[in-house]
Amino acid sequence: MLTNFAALEVGQHLYWQIGNIRLHGQVFLTSWILLGALLVFISLGTKKMENDPKGLQNLLEFLWDYIRDLARTQIGEKVYRDWMPFIGTLFLFVFVSNWGGALIPWRLIKLPSGELGAPTADINTTIALALLVSLSYFYAGLSNKGWRYFEYYVHPTPIMLPFKILEDFTKPLSLSFRLFGNILADELVVGVLVFLVPLILPIPVMFLGLFTSAIQALIFATLAAYYIGEAVEEHH
Amino acid sequence: MLAFNFFGATEGGLFDINATLPLMAIQVVALTYILNSLFFKPVGNVVEKREKFVSTNIIEAKNKLSEVKKLEAELLTQLQSARAEAQRIVSEAENESDKLYKEALELANNEANASKEKARLEIESQTSAARDQLSKQADDLSELIVNRLILEK
């Protein structure tokens, strides 16, 4: 009974079958709920924009400013404007997913299989995000510098070529696994602690989880911006 | 379970990669566009408009401040020159009055001296006239005495 109450369902998914393709339903369900909440929040905040910000608008402006600073410091004054929405979306998506996964008691909703949780605790989501970042920095480099982008691979010396090529693979790998590992590990730790000591003891770990979640969102967005900045940077 | 073939069978594992990946990527790209039009653009417009407003106001205020300082300096120099002018006028007037006083004093002195001199001369002349008369009378008297003495003899 107890194992059923707080069972750890690792690697179990709620499968949706559409034609030939199979999807992890729980990931989409939570992401739709969380993104819906985010969009509602943002629509409420931007409904009546005033020059003298109040309430939600103030919070959204703070968030906007935070994202702009992040994008500007990493990408640089020249092109940060083009990439700010993407960086901001990454940050908001990861942040909302992580915090939503940690804060909302999803376990109360029973699924036939698998369980609801942070969408970022699924490897598909994090790889999707990481591949988008890879595509973005290639696109940013090529659209800003044309074929000169590939000078980056031999930048200080041609010896760097194999390492830089290797980097193109390690970047998405590290991005996706860092996020996936941190969020999944946090869910597992909280799950194990709730399973072992259901009272009080998990609370500090839950707070730690909230902290990690926020930090991971910041790290993901910052690294994405840094990679784009690296791609558009002019070497002299 | 069978009624919901929507919910498939369980399988997979932690690293089960399937169509969730591209669909999630598409979802995130769509979210980027939605957030751009719903959040980044409108908020950016408002914030940047305000930043522009604030910075132009600051520049304007700085210009005004420098203008005020310039005017203040100008007024200060004007004040100083006015003060110097006033000083000059006062000292001039003082000199003038001093001169006038001296002149008046000299004039009065001269006048007094002159009238004194005149009086002295008059006194002198009257004295000599009186003396003359007296000596003449003395002469007459002595003559009279002499005559009378002679006659009585």
Side-chain angles (χ1 to χ4, degrees), chain A residues 9-25 27-28 31-32 35 38-39 42-43 45-46 49-53 57 60-61 63-65 67-68 81 84-90 92-93 111-114 119 121-129 131-132 135 180 184, chain B residues 1-69 71:
Chain A
E9 297 184 31
V10 178
Q12 296 196 32
H13 304 289
L14 171 70
Y15 278 101
W16 288 352
Q17 180 95 36
I18 300 165
N20 262 339
I21 57 173
R22 290 160 78 76
L23 303 173
H24 291 171
V27 178
F28 284 106
S31 73
W32 290 340
L35 295 183
L38 175 70
L39 289 179
I42 281 172
S43 326
T46 52
M49 299 285 271
E50 285 169 62
N51 208 19
D52 196 1
Q57 193 197 336
L60 287 180
E61 281 188 13
L63 195 63
W64 186 89
D65 208 45
I67 291 166
R68 179 180 65 172
R81 261 161 198 295
M84 198 187 136
F86 179 62
I87 301 299
T89 304
L90 284 179
L92 288 175
F93 180 80
L111 292 182
S113 117
D122 190 284
I123 189 79
N124 289 285
T125 311
T126 60
I127 291 180
L129 292 173
L131 286 181
L132 282 179
L135 287 178
F180 167 67
L184 185 74
Chain B
M1 271 289 270
L2 283 173
F4 295 95
N5 61 0
F6 192 62
F7 303 129
T10 29
E11 60 168 49
L14 272 182
F15 298 100
D16 178 33
I17 294 168
N18 57 14
T20 309
L21 196 160
L23 272 179
M24 189 52 89
I26 291 167
Q27 184 172 305
V28 172
V29 171
L31 183 69
T32 306
Y33 283 101
I34 293 169
L35 281 183
N36 189 32
S37 61
L38 216 64
F39 175 47
F40 292 104
K41 263 191 196 153
V43 175
N45 283 342
V46 169
V47 172
E48 273 163 2
K49 212 174 82 192
R50 186 182 316 119
E51 279 172 355
K52 216 167 149 189
F53 173 75
V54 168
S55 70
T56 51
N57 267 12
I58 285 174
I59 289 168
E60 228 167 76
K62 270 183 185 158
N63 285 346
K64 274 184 185 159
L65 190 68
S66 69
E67 206 168 298
V68 163
K69 277 193 177 145
L71 284 176

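Order of the sequence lines fixes the chain letters, A, B, ..., with proteins taken first and strands second; residue numbering starts at 1 for each chain. Small disclaimer: the values here were computed from a predicted structure and weren't measured.
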[atom1]-[atom2] distance between [X] and [Y], expressed to the nearest 0.5 angstrom:
| X | Y | atom1 | atom2 | value |
| --- | --- | --- | --- | --- |
| B:Leu14 | A:Gln12 | CG | CD | 10.5 Å |
| B:Phe40 | A:Thr89 | CZ | OG1 | 4.5 Å |
| A:Leu63 | B:Phe39 | CG | CZ | 4.5 Å |
| B:Met24 | A:Ile127 | CE | CD1 | 12.5 Å |

Chain B heavy atoms under 4.5 Å from [X]: which part of the residue, side chain, backbone, both or neither?
| X | answer |
| --- | --- |
| A:Ile18 | neither |
| A:Ile67 | side chain |
| A:Leu60 | both |
| A:Thr125 | both |
| A:Glu50 | backbone |

Might you point out which heavy atoms bring [X] and [Y] nearest each other, and give the distance in Å?
| X | Y | value |
| --- | --- | --- |
| A:Ala128 | B:Ala25 | CB-N, 3.7 Å |
| A:Gln57 | B:Val46 | NE2-CG1, 3.7 Å |
| A:Phe28 | B:Leu23 | CZ-CB, 3.5 Å |
| B:Leu38 | A:Ser43 | CD2-OG, 3.8 Å |
| A:Ile123 | B:Phe15 | CG2-CA, 4.0 Å |

Would you indicate whether the side-chain heavy atoms of A:Leu35 and B:Gln27 approach each other to under 4.5 Å? yes
Answer yes or no: is there a side-chain heavy-atom contact under 4.5 Å between B:Val43 and A:Met49? yes
Quick check: are there more than 12 heavy atoms from other residues, nucleotides or ligands sitting under 6.0 Å from CZ of B:Arg50? yes
Interface moiety of B:Ile17 toward chain A, non-hydrogen atoms closer than 4.5 Å: both
By a 4.5 Å heavy-atom criterion (distance strictly below it), what part of B:Ile26 contacts chain A: side chain, backbone, both, or neither? neither
For the candidates B:Ile34, B:Val29, B:Asn36, B:Asn45, which exhibits the highest count of non-hydrogen atom pairs separated by less than 4.5 Å from chain A? B:Asn36
Among A:Leu131, A:Asp52, A:Leu39, which residue has the highest count of heavy-atom pairs closer than 4.5 Å to chain B? A:Leu39
Highest number of heavy-atom pairs under 4.5 Å with chain B among A:Pro119, A:Gly88, A:Ala121 belongs to A:Gly88
Test log, rule side chain to side chain contact (heavy atoms under 4.5 Å, CB included), inputs B:Leu35 and A:Phe93: CA-CA 10 Å; B:Leu35 281 183; A:Phe93 180 80; over 6 Å; no
Is the backbone of A:Asn124 close enough, under 3.5 Å, to the side chain of B:Thr20 for a donor and an acceptor to pair up by distance? no
